[in-house]
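Since this is a predicted model, take the numbers as computed values, not measurements. Proteins come first, then strands; the chains are lettered A, B, ... in the order of their sequence lines, and each starts at number 1.
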Amino acid sequence: MALPKVGEMTDDILKKQNVLPKKSWMEVKTTFEPGTYCYGEKAAPGEILDLPNPRDWDPAQDDWKLLPNWKETIQKGFQTRLERFRSLKLFMDICVRCGACADKCHFYIGTGDPKNMPVLRGELMRSVYRKENTVGGKLLGKLAGAREMTEDVLKEWYKYYYQCTECRRCSVFCPYGIDTAEITIHARELMHEAGVGINQITGPASNSFMTGNHLGLKPHAILNSVESLVEDIKSITGITVNPTFNRKGAEILFITPSADFFADPGIFTMMGYLLLFEHIGLDYTLSTYASEGGNFGLFTSHEMMKRLNSKIYTEAERLKVKWLLGGECGHMWRVVHQYMNTMTGPANFLEKPVSPVTGTKFSFADGTKFVHIAEFTADLIRHNTIKLDKARNDHRKITFHDSCNISRGMGMFEEPRYVINNVANHFFEMPEDTIREKTFCCGSGSGLNTNEYMETRLKGGFARAMAVKEVQEKNNVNLLTAICAIDRAAFPALLNYWNPGVETSGLHELVGNALVMNGEKARTVDLRGDDLAGSET
Amino acid sequence: MATIEFQGKTCEVDEEGYLTNLDDWTPEIGEFIAKKENMTLTEAHWEVINFLREYYDEYQIAPMIRVLTKAVGKKLGEEKGNNKYLYELFPEGPAKQACKYAGLPKPTGCV
């Protein structure tokens, strides 16, 4: 599918800003044009995950091949969730529709579609809630903003709850603290109960369930890939790193997104981790079973999230490690930081994490025993325990994208910045309203990073790209660094479209470039093979 | 499920024209799929496609680009072991386009 030219898409986005709709939103029927929806889930992954009604189906066709009882399933599931999750009940009841969130969503900015205003996104579900749960809704129906759950409503949910990346920017601006991401999470979970999901989520989730990671890498493929990276590290730095796999008794189990094992540019971040661990002599192991940080269960159901998260802890227990160190992943941290302690309980069979190098106790991770690598590395730098040469990143003018799950999800803002400032000389912040807790989404998170959805992804990422454009023009920024694998997958396409000339990297790629290893050879290229500043021939 | 007809045989493909069943693939059908996209496969294309198939046979996944460029470099000479060479052959990206002609599935997840 050919994408519109940059000028055309810009005009289209600008034309749709703040246009008053002609009809009431309930009267606007949902349509599925190519590029505006994700493909439906396939039969095979549905069968693997025991999802209801596994089948091949096409959202653009009228017949979704639904089960006869799909509606009752959703209605019943909704009621169960209202009882189980007080937050959901609250979010259904307390919105006063003030509109503070309306223009804060990147998908609303990019598409101008009113149903992408978070207030209205919530309303898609709230209207159904009212019909069954409020006196006004029962008696007055539409007049009270209530409506029946119908197939049209289901189609509307499908389109717009998969046009939300669960990034939570809107919730920062809500005076009541309504978290629309949670509404989306519940809506997707209800749809899954009725056998409706997208292939880009169930596919990776079933891979993760079967082989331990989203990509479906089998143990020997992981080995082959890491060996190839070890070879590259040797040729660039002269250093032989020695990662181990599934090693019992290692102090630390290191978990990272499988894309770091296998996909460009995540692999360069992986090379950075490997160099760092070698540099500090860390007693760690990788696992070919717990070979995925990401958890597409978060986008499927609470149950699936629990299932996929548990393999990490099962492996930690089996290998008898003391604690877990986690790589640059996005939603893994949302799951670990926000759900795990109450979902599966604290991992008391592991030890409270203490840095073997600095002795720092990571009390933040006392329950989960899972330490974020940015915090770990920031601590190493703070204690002057690693040797760095910042000039080796001088060929990069860097900006930092706060990944939603790390910034808003776990409140980590300073550590990555502290690390960048210690491994590089040229760091530039994007405008204030687009970073830290107000960060703009990459446009492809929560499982939407799929090819058929590119046009919508580019529109969703428009606000972020315009912020990049500012530092690109003002400070000649040529690299965007992010600590999330979806970011590293999404940004190359987004930036190539809106900001050609800006590349994407992870944080530890920069760390790896700067690390001065004992016995290394003079470096002339960085970890991705680009010439270092001053070494161009 | 969409299908394509080739030499009297009906093969299932996904929304983007990737073969659903690995076993349906033959060099001829690879050629046929490429032709539908106005691509003529030369020997240079086949070197890449054959490597992809071999790698897949062993690892049940298509190789990452870096492994591919390294392998191409080793086999066909340094000057060909880079992204530029592969993108010249497969303008839509070796991962996407070459996998399609090789009858291999698209990668999923955070990629």
Seminar exercise, completed: Correct closest heavy-atom pair for Asn451(A) and Lys96(B) would be ND2-NZ, 3.4 Å
Exercise. With a 4.5 Å limit on heavy-atom distance, are the side chains of Glu15(B) and Asp58(A) in contact?
Worked result: no
Exercise. Ser225(A) versus chain B, heavy atoms under 4.5 Å apart: side chain, backbone, both or neither?
Worked result: both
Exercise. Crowded around Glu79(B) CD? As in, over 12 foreign heavy atoms under 6.0 Å?
Worked result: yes
For this session: Provide the closest heavy-atom pair for Met64(B) versus Ile267(A) in the form atom of the first, atom of the second, distance.
Result: SD-CG2, 3.5 Å
For this session: Any chance you could measure Tyr59(B), atom OH, to Ile222(A), atom CD1, to the nearest 0.5 Å?
Result: 12.0 Å
Exercise. Ala2(B) versus chain A, heavy atoms under 4.5 Å apart: side chain, backbone, both or neither?
Worked result: neither
Exercise. Closest heavy-atom contact between Gln60(B) and His220(A)?
Worked result: OE1-CE1, 4.0 Å
Problem set entry | Winner by heavy-atom pair count (cut-off under 4.5 Å) against chain B, out of Asn224(A), Asp56(A), Leu217(A) | Asn224(A)
Exercise. Are the charged groups of Arg66(B) and Glu231(A) less than 4.0 angstrom apart, N to O?
Worked result: no
For this session: Give a yes or no on whether a salt bridge exists between Lys42(A) and Asp14(B), defined as a side-chain N under 4.0 angstrom from a carboxylate O.
Result: no
Exercise. What distance separates Ile61(B) CD1 from Ser258(A) OG, expressed to the nearest 0.5 Å?
Worked result: 8.0 Å
